[in-house]
Number of protein chains: 2
Amino acid sequence: MARPTIADIATRAGVSKGAVSFALNGRPGVSDATRERILKIAEQMSWRPHSAARALGASRVDSVGMVIARPARTLGVEPFFAHLLSGVQSGLSAESISLQLLIVEDTAAEIEVYRRWASEHRVDGVILVDLTVKDPRVDELKALELPAVVIGGRGGKGALASVWADDRDAMLSIVEYLAALGHRRIAHVAGTPIFQHTQRRIRALRDAAPRLGLVDAPSLTTDFSDAEGAAITRKLLSQSERPTAIVYDSDVMAVAGLGVAMEMGVSVPGDLSIVAFDDSILTQLMHPALTALSRDTFEFGRQAAEVLLETIADPAQVINRRTADPVLTVRESTAPPS
Amino acid sequence: MARPTIADIATRAGVSKGAVSFALNGRPGVSDATRERILKIAEQMSWRPHSAARALGASRVDSVGMVIARPARTLGVEPFFAHLLSGVQSGLSAESISLQLLIVEDTAAEIEVYRRWASEHRVDGVILVDLTVKDPRVDELKALELPAVVIGGRGGKGALASVWADDRDAMLSIVEYLAALGHRRIAHVAGTPIFQHTQRRIRALRDAAPRLGLVDAPSLTTDFSDAEGAAITRKLLSQSERPTAIVYDSDVMAVAGLGVAMEMGVSVPGDLSIVAFDDSILTQLMHPALTALSRDTFEFGRQAAEVLLETIADPAQVINRRTADPVLTVRESTAPPS
DNA sequence: TGCAGGAGCTATACCGGTTTATCAAACCCA
DNA sequence: TGGGTTTGATAAACCGGTATAGCTCCTGCA
């Protein structure tokens with residue numbers, strides 16, 4: 001027999017389909033003796049539930065979704081997603097729940113996907129990344145009644161469940177370190193201002209500047225691309241009063257910035273210190289290797305999966321879980337200003 | 001009404017469930033007038049098929065799977081997968097088929113996933129990457145009768161369907177260019193020899209060497225890591241007769257190699273030309289920017305999806321589709337030997 | 001005029017599970 | 001000993017579609 005069904009097992013065990021279902025799902029309704037007998041037979045026949053059948057009956061599909069709305073070309077460089085995915089999967093695998101992944105161009109397409117998933121019952125819940133200010137996805141998901149957890153964006157009231165790390169503290173740990181080295185002119189090459197985490201980082205720097213005695217601490221926003229990262233760096237280093245340290249919101253921009261510094265004859269870390277707000281193999285491949293903020297992205301994903309499963313189990317509660325703080329990994333690109 | 005079922009539409013249209021099913025699936029059995037009426041009502045009620053119900057009845061789940069067996073840390077750097085995924089999705093989206101993605105540690109785990117997917121009917125087919133010599137996955141998938149398409153590995157008889165580019169030609173286009181520049185000592189820092197594509201590249205170089213008058217053309221295998229790429233480069237550049245050009249099987253290794261050259265005071269491209277057998281943003285971020293082989297990875301993925309769908313539709317035929325040849329993108333890291 | 005054949009549709013079984021109503025037997029305690 | 005509760009199990013309904021056998025009515029052709 002190719003793929004045994006629950007009915008086959010029932011026949012073989014001399015019981016009803018219902019009894020087999022109870023036994024296999026570990027719920028009351030059968031005696032321990034019968035349960036064990038059924039389990040053994042199921043094992044023997046190497047029975048596995050038919051996911052569609054189960055989904056139809058139990059109205060849950062044991063599958064969650066994740067949509068990444070970024071053009072593919074900016075995606076590949078970032079180990080962030082690969083690690084995040086691995087973490088999510090590790091969190092899901094315990095319950096043997098599968099993950100649907102989709103890469104789309106923009107948020108509009110992403111919302112379309114949620115609508116389709118909801119109406120076709122393809123997922124039990126979704127994981128959101130890159131939360132923006134006044135993110136339209138939040139309301140949409142609430143309207144669809146699709147359980148969701150946001151990665152990286154703590155929400156206020158009426159928000160979705162979330163898993164977050166403290167961007168504010170992270171930024172502080174960077175600039176406090178730079179200030180301690182003696183830097184007073186620190187620039188921040190940020191990402192797009194529509195992301196909440198970008199806003200939080202900018203605010204953190206602005207708030208900390210007076211306390212740390214920073215002369216000038218501008219945050220300049222970009223689209224996260226290497227091109228804009230390079231352009232802004234070129235501009236910063238062309239000023240008469242150039243910064244002695246630059247913090248980049250991503251590893252790619254930091255590398256692009258390092259390239260500009262070299263091209264302009266600005267020595268790193270002699271004349272300029274560089275810090276990347278994200279760690280990866282990229283930062284380690286460089287010469288000098290870049291000082292970077294390391295986050296346990298895998299753990300991030302794992303926790304997101306956990307929170308999502310809890311949210312699916314009980315949609316009423318809204319969990320906001322804070323994960324371990326990121327730590328600064330100091331390498332060769334930071335030194336006291338000359 | 002939250003989510004209308006086919007029965008709701010039937011009631012509203014005053015016909016039977018069967019008629020509605022016929023109409024919605026565009027198959028004969030209803031008149032054009034009735035069909036149109038049903039379609040309009042379905043549209044009005046914004047009906048969408050319940051994927052599980054459809055899967056159960058039609059015994060296909062409109063979902064395909066892809067497992068990547070690599071430790072997550074080596075994965076993130078490669079835009080390859082991000083582009084590939086986007087391409088696959090674009091190929092699938094036409095039929096609104098979803099993609100399940102899984103990242104696992106090794107091939108054993110990967111095979112486990114295939115078994116589970118097959119027994120739970122979670123996917124209609126799978127896409128394989130990184131085909132190895134005597135790959136155990138091939139036999140396993142045939143035993144499971146799970147339709148599959150291999151990316152990057154043309155198969156002989158009894159093989160699975162595939163989508164491939166000509167590694168041999170690709171390697172030739174690189175070494176012929178280097179030979180034309182005047183290089184006679186070319187080294188090849190390859191990936192793991194267990195991958196079929198690694199073997200093909202090595203063989204292509206070996207076969208072409210005499211014809212191109214190469215004095216020495218060693219292929220040295222690695223595990224694709226930056227560390228081994230750097231180590232081998234260090235060894236190559238320490239020889240009394242050092243190569244004047246090095247071809248790296250991946251962008252990460254090429255970047256690591258460039259770092260070693262700089263650290264040893266070997267100027268690129270003055271004393272050493274560098275070519276990466278894979279293009280990405282990484283190669284463009286470097287100074288000098290690296291000459292690299294560009295493949296249309298997106299298209300690769302799109303075609304893989306297409307071939308997979310055809311294979312699912314008719315498992316008897318085995319399609320082997322060749323995609324566009326990769327082209328060499330010349331940047332700043334190659335020049336005639338001094 | 002009669003009948004074959006096809007178009008158009010209905011009724012129903014079915015896919016493989018879960019869930020619920022029901023029931024018999026055993027058990028409990030006064 | 002008898003009535004009520006608990007336990008272990010069954011049969012049947014159900015989830016939302018698809019597939020199919022069969023029915024009715026209309027058409028065409030001899």
Side-chain angles (χ1 to χ4, degrees), chain A residues 1-39 41-42 45-63 96-97 116-124, chain B residues 1-39 41-42 45-63 96 116-122 124:
Chain A
M1 182 168 315
R3 307 187 198 296
T5 72
I6 224 174
D8 299 324
I9 297 176
T11 313
R12 187 104 148 232
V15 294
S16 71
K17 273 171 61 183
V20 175
S21 178
F22 290 144
L24 292 171
N25 291 297
R27 56 177 66 202
V30 285
S31 66
D32 287 348
T34 316
R35 178 186 307 277
E36 206 166 320
R37 189 159 49 90
I38 291 173
L39 251 41
I41 293 176
M45 304 176 79
S46 68
W47 173 88
R48 282 309 201 70
H50 188 299
S51 61
R54 177 167 278 178
L56 193 51
S59 61
R60 85 198 133 83
V61 287
D62 286 345
S63 175
S96 83
I97 285 173
R116 208 186 72 222
W117 276 352
S119 59
E120 295 181 0
H121 292 82
R122 273 194 180 272
V123 297
D124 295 321
Chain B
M1 184 168 313
R3 307 186 198 296
T5 72
I6 224 174
D8 298 324
I9 298 177
T11 313
R12 188 106 147 229
V15 294
S16 71
K17 274 172 60 184
V20 175
S21 179
F22 289 145
L24 292 171
N25 290 297
R27 55 177 69 201
V30 286
S31 66
D32 286 348
T34 315
R35 178 187 309 276
E36 206 167 319
R37 190 159 48 90
I38 292 173
L39 252 40
I41 293 177
M45 305 176 78
S46 67
W47 173 88
R48 283 309 202 69
H50 188 299
S51 62
R54 177 167 277 178
L56 193 52
S59 62
R60 88 201 130 83
V61 288
D62 286 344
S63 175
S96 83
R116 207 185 73 223
W117 276 352
S119 58
E120 296 181 0
H121 292 82
R122 272 193 181 272
D124 295 321

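What you see below is based on every heavy atom in this structure, not just the backbone, and it leaves out hydrogens, waters and symmetry mates. To find a chain, count down the sequence lines: A is the first, B the second, and so on, and within it residues start at 1. Here the structure is a predicted model, which is why all the values come from computation and not from measurement.
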Short question: side chain of A:Asn25, backbone of A:Ser21 - any donor-acceptor pair under 3.5 Å?
-> yes
B:Asp124 (side chain) donor-acceptor with B:Val61 (main chain) under 3.5 angstrom | yes
Terminal contacting nucleotides, 5' and 3', DNA chain D versus chain B (heavy atom, 4.0 Å) = D:dG16 to D:dT20
Return yes if some donor-acceptor pair links the side-chain N/O of A:Arg35 with the main-chain N/O of A:Arg27 below 3.5 Å, else return no.
-> yes
Exam field: side chain B:Ser119 to backbone A:Arg48, donor-acceptor pair closer than 3.5 Å = no
What string of B, S and - do you get for nucleotides 15-24 of chain C 5' to 3' if you count protein non-hydrogen atoms under 4.0 Å?
-> BBBBBB----
Worked check of side-chain contact (heavy atoms from CB on, under 4.5 Å) between B:His121 and B:Arg60 | CA-CA 8 Å; B:His121 292 82; B:Arg60 88 201 130 83; over 6 Å; no
Shortest non-hydrogen contact from A:Ala19 toward A:Ile38 = O-CD1, 4.0 Å
side-chain N/O B:Thr34 vs C:dG8 OP1/OP2, d < 4.0 Å = no
Check whether any side-chain N or O of B:Ser46 sits under 3.5 Å from a backbone N or O of B:Ala42 as a donor-acceptor pair, and report yes or no.
-> no
side-chain contact (heavy atoms from CB on, under 4.5 Å) assessment of A:Glu36 paired with A:Leu39 | CA-CA 5 Å; A:Glu36 206 166 320; A:Leu39 251 41; 5.6 Å; no
